[in-house]
Novice: 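One structure is given below, represented as structure tokens, and several questions about it will come after.
The figures here come from the full heavy-atom set of this structure, side chains too, leaving out hydrogens, waters and symmetry mates. Start at 1 and go down the list; that is how both ligands and their atoms are numbered.
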Amino acid sequence: MQPVKLIFATNNQHKVDEIRSVLKGNLDIVTLREAGIDQEIPEPFNTLEENARTKSETIYKMTGTDCFSEDTGLETEALNGEPGVKSARYAGDGRSFDANIDKLLDKLRGQTNRRARFRTVISLIINGQETLFEGICEGRIIEERRGNNGFGYDPVFVPDGADESFAEMDMSGKNKFSHRKKATEKLVAFLNSL
Ligand code: IMP
């Protein structure tokens with residue numbers, strides 16, 4: 001059987017690698033760059049759902065090809081859900097992973113409630129019809145960075161049930177807990193049910 005081809009509306013190579021590791025070749029995903037689309041799609045909304053939907057709708061309108069996008073946020077309890085939908089630009093438009101972590105650790109300094117979760121929303125468009133999938137990973141923010149793998153807030157996030165931060169795990173370790181993996185598995189189950 002030919003693998004199903006879908007455009008993944010991102011150029012974030014970390015996300016592409018993580019999602020490909022879950023798909024294991026059952027789906028042929030093509031990044032924006034590989035599809036010849038050289039464009040940043042804005043994420044101006046206040047919810048992950050609206051941002052994900054806008055990205056997939058924009059690409060579907062441009063290409064007429066089935067596609068999906070994802071938006072992810074880190075939500076902390078003590079900061080009422082911050083940085084949430086603003087996770088990429090928490091410390092400003094530079095989108096610096098380091099500056100974002102510094103800001104988060106500063107705001108949580110002295111805070112005993114370190115509870116946090118990653119939430120991924122995937123918006124899939126097949127034949128013009130949209131479906132949303134969600135994946136959540138509960139955990140906590142540690143006081144200092146640990147590890148060099150992964151991206152974003154991985155060095156300061158320890159998922160429930162683990163002792164290591166995401167950045168101390170390899171891909172298969174992160175996949176035991178990952179929000180992105182959970183959302184991707186729902187997408188795969190949905191495609192298999194069609
Ligand atoms: P976006 O989905 O590209 O808007 O991602 C928002 C930001 O959340 C990224 O810039 C990263 O800093 C962070 N982020 C998203 N997914 C992860 C993850 O799996 N681990 C750590 N940080 C992440």
Novice: Of all the non-hydrogen atoms in the protein, which one sits nearest to atom 4 (O) of ligand 1, and at what distance?
Specialist: Asp71 OD1, 2.9 Å

Novice: With atoms numbered from 1 as shown, which atoms in ligand 1 lie under 4.0 angstrom from a non-hydrogen atom of Glu43?
Specialist: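 With Glu43 as reference, the close atoms of ligand 1 come out as 4 (O).
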
Novice: Would you call Lys181 and Glu18 a salt bridge, using N to O less than 4.0 angstrom?
Specialist: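 So Lys181 does not pair with Glu18 through a salt bridge.
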
Novice: For ligand 1, which atoms have a heavy atom of Phe97 less than 4.0 angstrom away?
Specialist: 10 (O), 12 (O)

Novice: Relative to the heavy atoms of Ser87, which atoms of ligand 1 are at a distance of less than 4.0 Å?
Specialist: 6 (C), 7 (C), 8 (O)

Novice: Ion pair present between Arg117 and Asp160, side-chain N to carboxylate O less than 4.0 angstrom?
Specialist: no

Novice: Which residue holds the protein heavy atom closest to atom 13 (C) of ligand 1, what is that atom called, and what is the gap in Å?
Specialist: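 Among all protein heavy atoms, the one nearest atom 13 (C) of ligand 1 is Tyr153 CD1, 3.8 Å.
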
Novice: Specify the protein heavy atom at minimum distance from atom 6 (C) of ligand 1: its residue, its atom name, and the distance to 0.1 Å.
Specialist: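 Answer, as residue, atom name and distance: Thr72 O, 3.4 Å.
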
Novice: According to a 4.5 Å side-chain heavy-atom criterion applied to Ile, Leu, Val, Met, Phe, Trp and Tyr, with indirect links allowed, do Phe166 and Tyr90 form part of one hydrophobic cluster?
Specialist: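 Yes, because Phe166 and Tyr90 connect within a single hydrophobic cluster, where side-chain heavy atoms sit under 4.5 Å apart.
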
Novice: Under 4.0 Å from a heavy atom of Glu70: which atoms of ligand 1 are those, numbered in the order shown and with their elements?
Specialist: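 This gives 2 (O) as the contact atoms.
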
Novice: Backbone, side chain, both or neither: what part of His14 comes under 4.0 angstrom of ligand 1, heavy atoms only?
Specialist: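 Near ligand 1, His14 shows nothing, with every heavy atom at 4.0 Å or more.
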
Novice: Under 3.5 Å between some N or O of ligand 1 and some N or O of Lys55?
Specialist: no

Novice: Between Lys174 and Glu164, is there a side-chain N and carboxylate O pair less than 4.0 Å apart?
Specialist: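 Answer for the salt bridge query: no.
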
Novice: Provide, to 0.1 Å, the distance between atom 16 (N) of ligand 1 and the closest protein heavy atom, together with that atom's residue and name.
Specialist: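 Nearest neighbour among protein heavy atoms for atom 16 (N) of ligand 1, to 0.1 Å: Arg180 NH2, 2.8 Å.
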
Novice: Hey, quick one: are Tyr60 and Leu132 part of the same hydrophobic cluster, counting side-chain heavy atoms closer than 4.5 Å, chains of contacts allowed?
Specialist: no

Novice: With heavy-atom distances below 4.0 Å as the criterion, list the atoms of ligand 1 near Asp154.
Specialist: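 Every atom of ligand 1 under 4.0 Å from some heavy atom of Asp154: 18 (C), 20 (N), 21 (C).
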
Novice: Using a 4.0 Å heavy-atom cut-off, which part of Lys174 comes near ligand 1: side chain, backbone, both, or neither?
Specialist: side chain

Novice: Check the orientation of Tyr153 and Phe118. Use parallel for under 30°, tilted for 30 to 60°, and perpendicular for over 60°.
Specialist: tilted

